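Taking it in order: structure first as structure tokens, then the write-up.
Every value quoted in this text rests on a predicted model; they were computed, and no experiment measured them. Letters A, B, ... mirror the listed sequences (proteins, then strands); counts begin at 1.
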2 protein chains.
Amino acid sequence: MAINYEWYKVFYWAAKTGSLSQAAKALYLTQPSVSHAIKQLEEGFGVALFYRTSKGVELTQEGAVLYEYIEQSQILLSLAEEKMAALKNLDSGELRIGGSDSLFKHYVLPYLEQFHERHPGVKLHLNHGTTPEVITFLKEGRIDLGVVRMPIVDQQLQVTESFQLQDCFVAGARYAELKGGVMSLDKLLQYPIILFSRNSRARMTITELFQGYGYSIKPEIEVGSVDLLIEFARRGLGISYVTREFVSKELEEGSLFEVRLDVSLPPSRVGILTMRNMPLSSAARAFIQLVR
Amino acid sequence: MAINYEWYKVFYWAAKTGSLSQAAKALYLTQPSVSHAIKQLEEGFGVALFYRTSKGVELTQEGAVLYEYIEQSQILLSLAEEKMAALKNLDSGELRIGGSDSLFKHYVLPYLEQFHERHPGVKLHLNHGTTPEVITFLKEGRIDLGVVRMPIVDQQLQVTESFQLQDCFVAGARYAELKGGVMSLDKLLQYPIILFSRNSRARMTITELFQGYGYSIKPEIEVGSVDLLIEFARRGLGISYVTREFVSKELEEGSLFEVRLDVSLPPSRVGILTMRNMPLSSAARAFIQLVR
DNA sequence: TAATCGCCATAGATACAGTCTATATCTCCT
DNA sequence: AGGAGATATAGACTGTATCTATGGCGATTA
């Protein structure tokens with residue numbers, strides 16, 4: 001006869017309380033139901049598990065042996081259930097996000113702070129990488145979500161567009177004469193341009209824009225981080241193409257100013273990437289909820 | 001939603017094999033059944049446990065956490081089932097017997113040897129004590145069965161009568177003139193008598209017998225072990241009242257001979273005591289079977 | 001000694017849920 | 001494009017876990 005694991009729960013409580021009636025109460029069952037379950041177990045093993053006395057039940061030798069195992073097993077199961085509840089409530093668990101350092105710093109960080117404050121039990125993992133790397137991480141299951149620039153076209157990915165960013169050209173005091181004015185593209189090209197390195201989305205966007213107008217933009221300087229882009233512009237090494245939101249502090253304090261153009265630069269959006277048709281962890285779901 | 005522990009078994013196999021179909025095979029179920037069980041679990045926890053892919057399933061973060069616990073739990077359960085099978089087959093377990101040393105030595109031992117040979121995995125515990133002590137042990141659950149002299153009258157006890165023993169008077173070379181003769185009770189009383197100590201059943205039996213004939217038997221010597229009863233008789237200190245089966249060796253070799261009486265001494269039986277209405281351990285049941 | 005209370009066991013009815021079969025959908029591979 | 005193999009879904013069925021009602025047994029109390 002096959003043994004139903006549900007019976008073990010009944011056995012556990014019967015042994016623990018020393019009474020079928022008590023066990024029934026603890027499990028919100030009736031006493032005959034418990035009695036029946038125990039009987040099934042005993043038939044299953046072909047061994048008596050309890051002595052029935054007038055004041056309850058008592059484990060037999062064999063029952064006591066079984067109890068040793070079942071007790072441990074039941075403890076594990078209740079720990080498991082606690083843990084799962086904790087994961088669901090976000091008292092526990094982890095949130096793994098992929099993205100670029102600049103987006104982390106300027107965009108994700110405030111949300112992360114808020115998230116961490118609200119759910120201090122959830123461990124945070126940040127994996128930085130380029131957009132294609134982030135997509136790979138996602139597909140390999142190494143992160144729960146990615147934060148990257150739009151547009152992304154990938155059948156396997158679910159994209160949640162989010163914050164809008166506006167790239168622009170900025171310069172420092174060295175080019176103060178340009179402040180307030182509006183430039184044409186060909187005029188701009190006469191100044192030294194500082195761009196982010198070749199394989200970034202922003203770089204591709206601006207290159208295509210100039211090509212669309214028949215020009216070719218070639219940077220004087222190429223850098224690999226947004227911080228350098230800003231620093232070089234401040235020091236007057238050229239005009240940087242940078243996300244306006246990332247230099248809001250410098251624009252405010254006046255150490256940089258925007259160089260406006262007579263054409264409109266396309267805004268870009270930040271998107272949250274997740275795997276399409278794959279369930280999100282509670283933590284990831286809560287984080288996306290928070291961002292929206 | 002309440003969680004059915006049976007689902008954990010399904011979860012375990014699904015996670016272990018990485019496939020609902022495989023799990024179904026292992027559990028002799030159909031794939032939809034497994035699919036359903038997993039779904040129940042997921043709804044119960046409010047959390048996805050698996051990613052479904054075209055080549056099977058894979059644990060989610062939360063599923064992996066659950067698996068840590070469930071795996072341990074399932075291992076314990078399978079160990080439990082193994083252990084119970086071992087107990088039933090008598091590859092394991094213990095047999096606790098209560099009784100007097102003399103009965104152990106002369107009567108139980110050969111059966112125990114046989115039992116041990118047949119079931120070497122079963123541990124043997126012998127608890128010696130007087131008949132009332134043995135009964136107490138039994139009622140306290142400290143032994144599985146008792147081996148004592150009959151008759152026993154106790155509503156709570158189940159008595160299986162077994163071997164028959166015959167008590168008799170024996171003497172050694174010092175009283176060689178009595179060999180072959182038949183004595184009357186009053187004649188016997190003129191010789192020094194050696195009896196087992198006051199609180200034994202044999203002692204009570206013989207005292208009552210003499211009283212029934214209007215005599216009073218008073219021992220010259222009282223001893224506390226059967227071995228001494230034999231030894232004293234051999235050395236000619238008197239005539240011992242002893243169980244014939246316990247001195248079969250001495251009677252054969254001639255170091256003792258039986259002093260026959262003109263009245264018949266009642267035979268006594270050895271009985272196996274167990275608790276009435278209480279289940280026997282497999283080991284105890286097997287032992288009683290062996291003795292019968 | 002009778003009565004009562006608190007256990008567990010048993011019997012029989014019922015309803016739910018775990019299973020099954022059949023089918024749909026999706027992905028991957030040829 | 002089509003087939004193989006995976007999971008999901010729908011709907012019917014059956015088995016069994018559960019309930020109510022009752023009985024028996026033993027201990028405790030009056």
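Considering every non-hydrogen atom in both B:Val10 and B:Ala37, the closest pair reads CG1-CB, 3.9 Å. Summarising the geometry of A:Arg149 relative to A:Leu103, their closest heavy-atom pair is N-CD1, 4.2 Å, with the distance given to 0.1 Å. When every heavy atom of B:Leu66 is checked against every heavy atom of A:Met84, the shortest pair comes out as CB-SD, 3.7 Å. Closest of all the heavy-atom pairs between A:Val122 and A:His116 is O-ND1, 4.2 Å.
Relative orientation of the A:Tyr111 and A:Phe287 rings is perpendicular, given thresholds of 30° and 60° on the angle between their planes. Ring planes of B:Phe11 and B:Phe50: tilted class, angle from 30 to 60°.
Evaluation of the side-chain hydrogen bond (donor to acceptor under 3.5 Å, both in side chains) test over residues 24-44 of chain B, restricted to residues two or more places apart or in two chains, returns B:Glu42-B:Arg52. Evaluation of the side-chain hydrogen bond (donor to acceptor under 3.5 Å, both in side chains) test over residues 72-87 of chain B, restricted to residues two or more places apart or in two chains, returns A:Tyr8-B:Glu81, A:Ser73-B:Ser73, B:Lys83-B:Ser92.
Across the protein-nucleic acid pair, B:Glu6 atom CD and D:dA17 atom C1' stand 12 Å apart, rounded to whole Å. With rounding to whole Å, A:Arg52 atom CZ is found 17 Å from D:dA27 atom P. B:Met278 has its CE atom 12 Å from the C1' atom of D:dG26, to the nearest Å. Atom-to-atom, CD1 of A:Ile3 to C1' of D:dT16 comes out at 16 Å; the value is rounded to the nearest Å. The nearest whole Å value for the distance from the CD atom in B:Glu43 to the P atom in D:dA8 is 12 Å.
The stretch residues 9-28 of chain B touches DNA chain D through B:Ser19, B:Leu20, B:Ser21, each having a heavy atom within less than 4.0 Å of the strand. Contacts with DNA chain C (heavy atom under 4.0 Å) in residues 57-64 of chain A: A:Val57, listed by number. Contact check of residues 29-40 of chain B against DNA chain D (heavy atom, cut-off under 4.0 Å) returns B:Gln31, B:Pro32, B:Ser35, B:Lys39.
In terms of modelled atom types and a separation under 3.5 Å, the side chain of B:Arg269 and the main chain of B:Met150 share no donor-acceptor contact. Looking at B:Arg203, its side chain does come within 3.5 Å of a backbone N or O of B:Phe196 through a donor-acceptor pair.
Annotation for B:Trp7: atom CH2 counts as buried by contact number, over 12 foreign heavy atoms lying within 6.0 Å.
Along DNA chain C, the stretch of nucleotides lying under 4.0 Å from any heavy atom of chain B spans, 5' to 3', C:dG18 to C:dC28.
Rounded to the nearest 0.5 angstrom, B:Ile97 CD1 and B:Asp144 CG are separated by 8.0 Å.
Side-chain contact between B:His119 and B:Leu95 is absent, with no heavy atoms from C-beta onward closer than 4.5 Å.
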